[in-house]
Amino acid sequence: MAVLADRDIRTLLQAGRIRIDPYDPSCLQPSSVDLHLDADFRVFHNNRYPYIDVRTPQPDLTELVTIQDDDPFILHPGEFVLGQTLEWVELPDDLVARLEGKALALDTPVPTPTGWRTMGELEPGDEVFDETGAPTTVTAVTPPMSNRPCRELVFADGTRVVADAAHKWATVEKNGRRFGRLTVRTTDEIARSLRVRGEPDHYVPLAGPVEYPARADLPIEPYTLGAWLGDGTGTKAEMTCCDTEILAQVSGESYAVKAVGYAPHRYRIGGPGWARDADTGRYAGNASLSSQLRELGLMDGKFVPPAYLQAGVGQRLALLQGLMDTDGLVDGVGRCEFTSTSAAVADGVVELAASLGFGAVKSTGRAMTNGVDRAPKYSVKFTPDRPVFRLPSKLARQKAAGGRFPRFRAIDIVRPVASVPVRCIEVASPRGLFLVSRSFIPTHNSSLGRLGLLIHSTAGYVDPGWKGNLTLELSNVAKLPIALYRGMKIGQISFFRMTSPVERPYGSKELGSKYQGQSSPTASAYYRDFDGTRRPAKGGPRRS
């Protein structure tokens, strides 16, 4: 199925094949039409029955309430009611529709102050990060949703995120980057205007440094660990180093530095790693760097331990400085590059730089020595706005270069992908943005959801041949009551063209469609499936 664009929706509305009554042309969006809330609500009286019996009519389980004029309907915390769209909707036999929300794939990584989670794991009360890097509270979540039209967004750094077509992003156009004027756009709106004159036209701002709590439990000082990851011997607490300033930095962090006699420029860091236990006579670890590296698992292969990637801003910057002093460089315009033959270390540097607010890009090449291909080589490039070196020669070069710090990440590709389960979270951040992916990309939540109001269409997909107002499920997951008003925007309806007209549209006599022609919030008629009394509902469109 293909989602209809605005011009196709307009054409079908003008031809009368789609009917939306009342219809305001200003409500036509690039791939949907805004719908509004009506004045009728069906509230539940759960105290009247011990349980809901799906086989039996329970007419007094709910009560119809109608608000007058500009009076609000107050939805209290934890309350669930049925509402409906102000608009009467009719579909032809070759279109299906859906009342859209906004959501990300359940397996989307989300950074939190306590470590990495996924969209599917988050619950109200959890904390994530907003676009500035500050913690913000999750105020609401939706259940997993299936059969949504999904898209994969590929960013210029290679990051991939799967979102549904209506999920929102705060982006800036190519020519507006100097002013930073953000516009909230859906995934499909971005897809339709992806490039201008062959270049990306949508850019997402880089996030600020994420504010993980500072850690007092790091066994090795971050700068020293970074220097060892760069120039250290993989099986020993030793470094090969020609820069006395780096050794002085390590020594200043209370590690003994001693030259060894069997290799030039080779130094032992932190003393011997093993000592004999006085009682057992066996070798045992101690507080030396060697023992600490072994306990972290780094003697079996270099990588950046997760505890260091999720440490305080100053601790992460010190780690990056140790890595860059040993295996980093800076060019004449301020672009920095870290190089390693370890993919795990390079991946750690990508995450480390991104968590500090830098747009890092990893590439792969070959490490050559005297024309001989030795091993794969991994490079991580980024342009920082803060010093990422302590070594005086490199630091002076970075300061002299200055450079123009890029504050945006381009969206390079948006392409349809197979539908996957998706979910939306809402956050307390005033701008409604939170970070996703290992690249810490800001993304947006919906405005009503930020209030703690969750909206779901009881119909799911609206079948071909449908006629009626759409019943809505409204839930307040906030801590305060929410005032709802007749005429307020409540959702967006999108339309999808089917492969061919259906043989039996909704409302056909042989189907016994239970909800056809509904003109008020309608409770479940599931009981009709048990007694064979399925009948089309009476009534027609209500005029406003």
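Only this structure's heavy atoms are used, side chains among them; waters, hydrogens and symmetry mates stay out.
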Engineer: Within the distance-only criterion (no hydrogens, no angle test), does the side chain of Arg195 pair as donor or acceptor with the backbone N or O of Ile413 below 3.5 angstrom?
Structural biologist: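 No: the side chain of Arg195 does not pair with the backbone of Ile413.
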Engineer: Is a side-chain donor or acceptor of Thr132 paired with a backbone partner of Gly208 at a separation under 3.5 angstrom?
Structural biologist: no
Engineer: Check step by step if side chain to side chain donor-acceptor pair (under 3.5 Å) holds for Thr136 and Ser429.
Structural biologist: CA-CA 6 Å; Thr136 185; Ser429 173; 4.9 Å; no
Engineer: Any heavy-atom pair between the side chains of Pro481 and Pro77 that's under 4.5 Å?
Structural biologist: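 Result yes, sub-4.5 Å side-chain heavy-atom pair found.
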Engineer: Do Arg316 and Val210 have side chains that approach each other closer than 4.5 Å (heavy atoms only, starting at C-beta)?
Structural biologist: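 Yes, side chains in contact.
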Engineer: Quick one: closest heavy-atom pair of Leu206 and Pro406, and the distance?
Structural biologist: CD1-O, 3.2 Å
Engineer: A side-chain contact here means heavy atoms from C-beta on lying under 4.5 Å apart; do Leu82 and Glu473 qualify?
Structural biologist: yes
Engineer: Does some side-chain heavy atom of Thr108 sit less than 4.5 Å from a side-chain heavy atom of Ser437?
Structural biologist: no
Engineer: Got Asp40 and Thr66 here, is their nearest side-chain heavy-atom distance under 4.5 Å?
Structural biologist: yes
Engineer: Check Asp347 with Arg438, please: is the shortest side-chain N to carboxylate O separation under 4.0 Å?
Structural biologist: no
Engineer: Once you round to the nearest 0.5 Å, how far does CG of Asp21 lie from CD of Glu90?
Structural biologist: 8.5 Å
Engineer: Are Phe129 and Trp116 close enough that their ring centers fall under 6.0 Å?
Structural biologist: no
Engineer: Please find the pair of heavy atoms, one from Arg148 and one from Val422, that lie closest to each other, and give the distance.
Structural biologist: CG-CG2, 3.6 Å
Engineer: Test your reading of the model: is there a side-chain donor-acceptor pair from Asp201 to the backbone of Lys174, 3.5 Å cut-off?
Structural biologist: yes
Engineer: Between the side chain of Glu426 and the main-chain N/O of Thr139, is any donor-acceptor distance below 3.5 Å?
Structural biologist: no
Engineer: Would you say Leu64 and Pro521 make side-chain contact, with heavy atoms under 4.5 Å?
Structural biologist: yes
Engineer: Is atom CD of Glu123 surrounded by more than 12 heavy atoms (other residues, nucleotides or ligands) closer than 6.0 Å?
Structural biologist: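 Check passes, neighbour count above 12.
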Engineer: Any side-chain heavy atom of Ile20 sitting closer than 4.5 Å to one from Leu13?
Structural biologist: yes
Engineer: Under the side chain to side chain contact (heavy atoms under 4.5 Å, CB included) criterion, do Phe41 and Leu474 qualify, and how do the steps go?
Structural biologist: CA-CA 10 Å; Phe41 299 87; Leu474 306 174; 3.9 Å; yes
Engineer: Considering all heavy atoms of both residues, which atom of Ser494 and which atom of Phe496 are nearest to each other, and what is their separation?
Structural biologist: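 Taking Ser494 first and Phe496 second, the nearest heavy atoms are O-CE1, 3.9 Å.
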Engineer: With sequence neighbours excluded, tell me which residues meet ring pair (Phe, Tyr, Trp, His ring centres under 6.0 Å) with Phe358.
Structural biologist: Phe382
Engineer: Would you check, one step at a time, whether the test side chain to side chain contact (heavy atoms under 4.5 Å, CB included) holds for Val138 with Val128?
Structural biologist: CA-CA 7 Å; Val138 176; Val128 293; 4.0 Å; yes
Engineer: Have Ser519 and Asn469 got a donor and an acceptor in their side chains that come within less than 3.5 Å?
Structural biologist: no
Engineer: Looking at Arg117 and Glu121, would you say the former's side chain and the latter's main chain have a donor-acceptor pair under 3.5 Å?
Structural biologist: yes
Engineer: Rounded to the nearest 0.5 Å, how far apart are CZ of Phe495 and CG of Leu95?
Structural biologist: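 Between Phe495 CZ and Leu95 CG, I get 8.0 Å after rounding to 0.5 Å.
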Engineer: Out of Lys489, Glu87, Arg486, which residue meets the side-chain hydrogen bond (donor to acceptor under 3.5 Å, both in side chains) rule with His36?
Structural biologist: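 It is Glu87, the one option of Lys489, Glu87, Arg486 that forms the side-chain hydrogen bond (donor to acceptor under 3.5 Å, both in side chains) with His36.
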Engineer: Can Arg423 and Asp107 be counted as an ion pair, charged N to O under 4.0 angstrom?
Structural biologist: no
Engineer: Please evaluate residues Lys381 and Arg335 with respect to the criterion side chain to side chain contact (heavy atoms under 4.5 Å, CB included), reporting the C-alpha separation (whole Å), side-chain torsions for both, the decisive distance (0.1 Å), and the verdict.
Structural biologist: CA-CA 7 Å; Lys381 296 181 180 180; Arg335 291 175 299 201; over 6 Å; no
Engineer: When rounded to the nearest 0.5 angstrom, what distance separates NZ in Lys168 from NE2 in His444?
Structural biologist: 7.0 Å
Engineer: Indicate whether any N or O donor in one side chain lies under 3.5 Å from an N or O acceptor in the other, for Ser340 and Ser342.
Structural biologist: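 No, no side-chain donor-acceptor contact under 3.5 Å.
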Engineer: So how far is it from Arg415 CZ to Arg160 CZ, rounded to the nearest 0.5 Å?
Structural biologist: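 One gets 5.0 Å once the value is rounded to the nearest 0.5 Å.
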Engineer: Between Val110 and Val436, which heavy-atom pair has the shortest distance, and what is it?
Structural biologist: CG2-CG1, 4.2 Å
Engineer: If I compare all heavy atoms of Gly507 with all of Gln516, which pair ends up nearest, and what's the gap?
Structural biologist: CA-NE2, 3.7 Å
Engineer: Per the side-chain hydrogen bond (donor to acceptor under 3.5 Å, both in side chains) rule, what does the pair list look like for residues 3-16, sequence neighbours excluded?
Structural biologist: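 Matches after skipping sequence neighbours: none remain.
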Engineer: Starting from the C-alpha separation in whole Å, work towards a yes-or-no answer on side chain to side chain donor-acceptor pair (under 3.5 Å) for Thr186 and Asp188.
Structural biologist: CA-CA 5 Å; Thr186 67; Asp188 271 2; over 6 Å; no
Engineer: If we check side-chain contact (heavy atoms from CB on, under 4.5 Å) with Leu472, which of these qualifies: Leu37, Val81, Asp38?
Structural biologist: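 Exactly one candidate clears the test, Leu37.
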Engineer: Report yes if the side chains of Phe408 and Thr171 come closer than 4.5 Å at any heavy-atom pair, otherwise no.
Structural biologist: no
Engineer: Step by step, work out the side chain to side chain contact (heavy atoms under 4.5 Å, CB included) result for Glu127 and Thr112.
Structural biologist: CA-CA 6 Å; Glu127 284 191 323; Thr112 80; 5.8 Å; no
Engineer: Looking only at heavy atoms, what is the nearest atom pair of Glu131 and Leu435, with distance?
Structural biologist: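 In terms of heavy atoms, the two residues are closest at CA-CD2, 4.0 Å.
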Engineer: Is Arg185 salt-bridged to Glu173, cutoff N-O under 4.0 Å?
Structural biologist: yes
Engineer: Rounded to the nearest 0.5 Å, what separates atom CZ in Arg17 from atom CG in Leu91?
Structural biologist: 10.0 Å
Engineer: So, Arg409 versus Ser439: side-chain donor-acceptor pair below 3.5 Å or not?
Structural biologist: no
Engineer: Just how far is it from atom CD1 of Ile493 to atom CG of Leu470, taken to the nearest 0.5 Å?
Structural biologist: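 CG of Leu470 is found 5.5 Å from CD1 of Ile493.
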Engineer: What orientation do Tyr506 and Trp466 show, parallel under 30°, tilted 30 to 60°, or perpendicular over 60°?
Structural biologist: tilted
